[in-house]
Enquirer: 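Structure provided below as C-alpha cells; questions to follow.
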2 protein chains.
Amino acid sequence: MDGTATARVADSVYERLREKIFTGELAPGARLSVPALAESLEVSRSPVRDAVLHLVQDRLAREEPRRGAVVARIGAAELAAIYEVREVLEGLAARLAVENAGRRLVRALHEVLAEHERAVRTADIAATTEADMRFHSLVREASGNAEVIRLLDEVQTQVRLAMRTTTVTAGPRHAIDDHRAILTAIESGDPFAAEQAARAHIFRLRTVLLRQADEGA
Amino acid sequence: MDGTATARVADSVYERLREKIFTGELAPGARLSVPALAESLEVSRSPVRDAVLHLVQDRLAREEPRRGAVVARIGAAELAAIYEVREVLEGLAARLAVENAGRRLVRALHEVLAEHERAVRTADIAATTEADMRFHSLVREASGNAEVIRLLDEVQTQVRLAMRTTTVTAGPRHAIDDHRAILTAIESGDPFAAEQAARAHIFRLRTVLLRQADEGA
DNA sequence: GTATATTGGATTGCATGTAGGCTTCGCCTG
DNA sequence: CAGGCGAAGCCTACATGCAATCCAATATAC
C-alpha cells in the first residue's frame, strides 16, 4: 500500500550499497566482505549476503574466485562495448517513441532541452547531467517497451559506475545539438529518422570515449 | 582446474532448476517453494534460496507479492517486446561479426546451414531447432562484444521459456532463406547489409508471432 | 638478506533455528 | 445452505552456528 513496498532488509541494504558505490564511498575494486558490511550496517549477514548477490547480478560487483565480491571496475574497452549496445537500444527506443507517443512527449522534451541549455549556460554541471539523463529517460519511457526500458536502465547503471573512473564528455554543446536533432526527428514523426539520430548521438559519444581512452593511455 | 569450476551447491541447484523449467517439469506458474525444493533436491534451504533468487534475476521466475517465487509466464505481448529488442541486438551482432571475423566464421556458418537444410529435409525437429540456434550463436560469438553476447543469451533464455507456451515457427523454409541471406551479407563483407539482413530475419519472426497470437486470441 | 615454511585470522558457503504473516481449510452461525 | 470466522500449516525472511579454505604475515632456515 505504501510507496516503499520494500520492507525487506535485504532490499534496503542493496539500495544502501548501491548508493555507496555511486558516491564513491565504495570505490571500484573495494572488497565487499559480508561480515564487515553486516557489522557496519548493523544487520545480520543474511540480508547482506542477498544484497551482495544482487549487486553481482547487476554487474555492479564481480565475484573474485575465492575472495568474495568486489566493486566492479569498468575499463574503457568494456565501456565502449556497452556503448555499442546502447547505440542500437537508444535507436530502438527513439523509433518506438515516435510510433507511440504524441504531443505530450514532444512538449516534455522541449522543456528538458530548454532546461539543459540553461544549465549549460550557467555552467551548472549537476543540472546539465540531470537534464541530459532526463532527456534519454523520457524517450525510453515513451517507447512503451518494458524490455528496452529495463535494458537501458541497466546500461545507465553501468555507465554511472564507469564514470567513477572515466569521464565521457562529448562537450555539453554537442550533446545539446544531438538532442535537438533527435527531438526534431521525433517531431517530424519519422521513426527511422529518430532511430538514426539517436544512434548517431551515442555513436559520437563512443567515438569521444575511445579518443579519450587513447590519449589517456 | 576442472571444467566444472562450479563446486558450489547453489550453482548446481540453479542449473537443475533451470533444466526443470526448460523441460517443463516446472511449468510456468509453478510455485518455487524453497523448503519443498530443498527436500526434493536433498540439499539444505540456503543454496536453494540462492538459486531461486538467481532465477528471479534471470527473469525465469517472478516474485509474487507474498507467495514467494513462481516460474515466469511470458505472454505474447511480452515476447513481442523481447523480439523488438532482439531485432536490433542481432543486427548489431551481425554487423560486428562482419567487422571482426574472417573465413573461419563463414565456413562454420556454411556448415551449420547445410546441417540445417538436412534437418529440415529429414523433418528432424530437434536437429532443426539445434541448427537454428547454432547459427545465431556463431554470429553473436563472432561479434566479439561481451555485452551483446550476454544480452542475446538472456534473450534466448526468455525465448526458450516462452516456447513452453507459445510456438514461433516462421516455417522452417523461411528460416533457412533468412539465414542464407544473412550469410551472404556477411560473406560480402558489408557490415550494414549484414545488420539489415539479421534485423529483417527477426522482424519477420516477430510478425509471425503477432499473427499467430491474434489467431490464437 | 632472501626465500620458504608455518601459523593465525578471516571469509565464504552451507546448515539450521525462529518469528511474523499469509493462505487455506474447516467449522460454526445466521 | 451461504457466509463469515478461527485455527492450523506453511512459507518467507532474518539470525546465527560451523567447517573448509584461502590469504597474509611472521618466523625460520640457508
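Proteins come first, then strands; the chains are lettered A, B, ... in the order of their sequence lines, and each starts at number 1.
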Enquirer: Between D/dC14 and A/Arg8, is there an OP1 or OP2 to side-chain N/O distance shorter than 4.0 Å?
Expert: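 Answer is no, no contact under 4.0 Å.
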Enquirer: Among residues 28-46 of chain B, which residues get a heavy atom nearer than 4.0 Å to DNA chain C?
Expert: B/Ser44, B/Arg45, B/Ser46
Enquirer: Does A/Arg199 make a cation-pi contact with A/Phe203, if we ask for NZ or CZ under 6.0 Å from the ring centre and within 45° of the axis?
Expert: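 Because its charged atom misses either the 6.0 Å distance or the 45° angle limit, A/Arg199 does not stack over A/Phe203.
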Enquirer: I need the OH-C1' distance between A/Tyr14 and D/dA13, as an integer number of Å.
Expert: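 Going from OH in A/Tyr14 over to C1' in D/dA13 covers 19 Å.
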Enquirer: Measure the distance from CD on A/Glu63 to C1' on C/dG13 and round it to the nearest whole Å.
Expert: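 After rounding, the gap between these two atoms is 11 Å.
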Enquirer: Hey, what's the ring geometry for B/His116 with B/His179, parallel, tilted or perpendicular (30° and 60° as the breaks)?
Expert: perpendicular
Enquirer: Taking the side chain from A/Glu84 and the backbone from B/Asn145, do they hold a donor-acceptor pair closer than 3.5 Å?
Expert: no
Enquirer: Taking atom C1' of D/dT12 as reference, at what distance in whole Å does atom CG of A/Asp11 sit?
Expert: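 To the nearest whole Å, that distance equals 13 Å.
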Enquirer: What's the CZ-C1' distance between B/Arg49 and C/dC14, to the nearest Å?
Expert: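 Going from B/Arg49 (CZ) to C/dC14 (C1'), I get 14 Å.
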Enquirer: How far apart are the closest heavy atoms of B/Leu210 and B/Ala80, and which atoms are they?
Expert: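 Closest approach of B/Leu210 to B/Ala80: CD2-CB, 3.8 Å.
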Enquirer: Any chance the rings of A/His136 and A/His201 have centres within less than 6.0 Å?
Expert: yes
Enquirer: Measure from the side-chain N and O atoms of A/Arg164 to the backbone N and O of A/Phe22, and report whether any donor-acceptor pair falls under 3.5 Å.
Expert: yes
